[in-house]
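These notes are about the structure you will find just below.
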Amino acid sequence: TARRDTVQLPDGRVNEEYYILEYPDWVNVIAITKDGKFVMERQYRHGAGEVGYELPCGVMESGESPLCGAQRELLEETGYGNGRWSKLMTISANPDCMTNRVHCFLALDVEYVREPHLDANEDLVVSLMDSDCVLELLENNQFNFLWITDFPLLEYSEEEDRFVAVHHPFTMPMEED
């Protein structure tokens with residue numbers, strides 16, 4: 001939903017016509033298989049008119065917790081599930097004009113569970129990549145959707161002091177959202 005607001009800035013100036021986009025929260029997942037492969041997607045995005053690599057991600061359903069949304073999206077889009085889950089971060093999609101947040105998760109030791117069940121508007125291919133391939137894509141700006149992919153991967157890198165670890169010793173307590 002788009003809404004038009006009148007905004008008074010902290011310095012007193014008033015903008016009579018400011019547009020806000022109201023979206024549900026989103027989730028994304030850095031999913032790594034038992035043998036250390038990243039579960040990635042190459043997906044068409046009509047708004048950008050591009051196909052790009054990204055993490056499994058999607059919109060949370062009404063009343064759904066971020067963790068349940070992330071687990072559902074991973075399974076629906078890729079067919080992968082189970083594993084050990086921890087929350088990495090929550091970021092704003094675009095705090096200037098969008099109301100939603102993006103909840104980012106790490107799922108280790110995921111396994112193929114079933115065939116994906118894509119939505120009618122999804123056109124994607126699932127790829128299993130080793131960490132060197134993901135790092136090369138990241139370094140060469142091959143992830144077209146910065147908030148979906150780069151921020152959580154960079155967080156993961158910072159916590160590990162390297163790009164990837166098959167067995168991640170870092171765990172955060174799950175936040176109940």
Side-chain angles (χ1 to χ4, degrees), residues 21 23-33 35-61 64 66-83 85-160 162-166 168:
L21 302 174
Y23 288 107
D25 280 4
W26 300 331
V27 292
N28 67 27
V29 183
I30 298 173
I32 303 174
T33 64
D35 62 347
K37 301 289 185 184
F38 283 76
V39 181
M40 302 297 295
E41 299 175 354
R42 186 160 168 79
Q43 185 166 185
Y44 174 71
R45 294 294 187 171
H46 185 69
E50 297 177 352
V51 174
Y53 288 101
E54 59 188 64
L55 298 172
C57 61
V59 176
M60 288 175 51
E61 294 179 356
E64 187 174 51
L67 175 61
C68 288
Q71 290 171 330
R72 177 187 50 75
E73 284 292 340
L74 180 66
L75 186 61
E76 285 179 0
E77 292 186 352
T78 69
Y80 282 81
N82 301 328
W85 290 73
S86 59
K87 188 166 187 178
L88 291 176
M89 68 177 104
T90 298
I91 57 177
S92 291
N94 181 345
D96 186 53
C97 63
M98 296 169 72
T99 60
N100 64 322
R101 318 254 305 145
V102 182
H103 305 275
C104 308
F105 289 86
L106 173 67
L108 297 174
D109 299 329
V110 299
E111 56 194 356
Y112 188 77
V113 176
R114 65 168 170 84
E115 287 291 317
H117 293 284
L118 300 179
D119 294 337
N121 64 336
E122 290 178 316
D123 182 8
L124 65 87
V125 175
V126 176
S127 297
L128 298 180
M129 299 180 181
D130 63 28
S131 60
D132 289 339
C133 182
V134 174
L135 180 58
E136 184 177 323
L137 291 171
L138 192 61
E139 288 175 343
N140 292 310
N141 296 312
Q142 296 299 305
F143 292 110
N144 294 331
F145 312 106
L146 179 66
W147 60 267
I148 292 178
T149 304
D150 291 15
F151 287 146
L153 285 174
L154 291 171
E155 172 76 9
Y156 184 59
S157 175
E158 183 179 315
E159 292 298 331
E160 283 298 309
R162 56 182 263 215
F163 185 65
V164 62
V166 175
H168 192 282

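For the single chain, residues carry numbers from 1 onward in sequence order.
- One N or O on the side chain of D130 and one on the backbone of C133 form a donor-acceptor pair closer than 3.5 Å.
- Counting heavy atoms from C-beta on, the side chains of L128 and V39 come closer than 4.5 Å.
- Residues that satisfy the side chain to side chain contact (heavy atoms under 4.5 Å, CB included) test with E73, not counting sequence neighbours, are V27, E76, E77.
- With contacts defined as side-chain heavy-atom distances shorter than 4.5 Å, the pair M89/H103 does not qualify.
- Side chain of N94 to main chain of D96: a donor-acceptor pair is present (N/O by atom type, distance under 3.5 Å, no hydrogens or angles).
- Looking only at distances, a side-chain donor or acceptor of W85 sits under 3.5 Å from a matching main-chain atom of N82.
- Taking 4.5 Å as the limit, some side-chain heavy atom of F105 sits within range of a side-chain heavy atom of P66.
- Side-chain contact between L75 and Q71: absent, with no pair of heavy atoms (C-beta onward) separated by less than 4.5 Å.
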Quiz item: Should T90 and R101 be marked as a side-chain hydrogen bond (donor to acceptor under 3.5 Å, both in side chains) after you check the CA-CA gap, both sets of side-chain angles, and the distance that decides it?
Solution: CA-CA 7 Å; T90 298; R101 318 254 305 145; 5.6 Å; no
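- Remark: side-chain polar atoms of T78 are paired, donor with acceptor, to backbone N or O of Y80 under 3.5 angstrom.
- Residues T33 and L108 form no side-chain contact, since every pair of their non-hydrogen atoms from C-beta on lies 4.5 Å or further apart.
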Self-check item: Working for salt bridge (charged side-chain N to carboxylate O under 4.0 Å, His left out), residues R42 and E54
Solution: CA-CA 6 Å; R42 186 160 168 79; E54 59 188 64; over 6 Å; no
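- Shown here are the side chain to side chain contact (heavy atoms under 4.5 Å, CB included) partners of D123, two or more places apart in sequence or in another chain: Y44.
- Judged purely by atom type and a 3.5 angstrom limit, Y23 has no side-chain atom pairing as donor or acceptor with the backbone of D25.
- Under a cut-off of 6.0 angstrom, the local environment of NE2 in H117 is crowded, with over 12 non-hydrogen atoms contributed by other residues, nucleotides or ligands.
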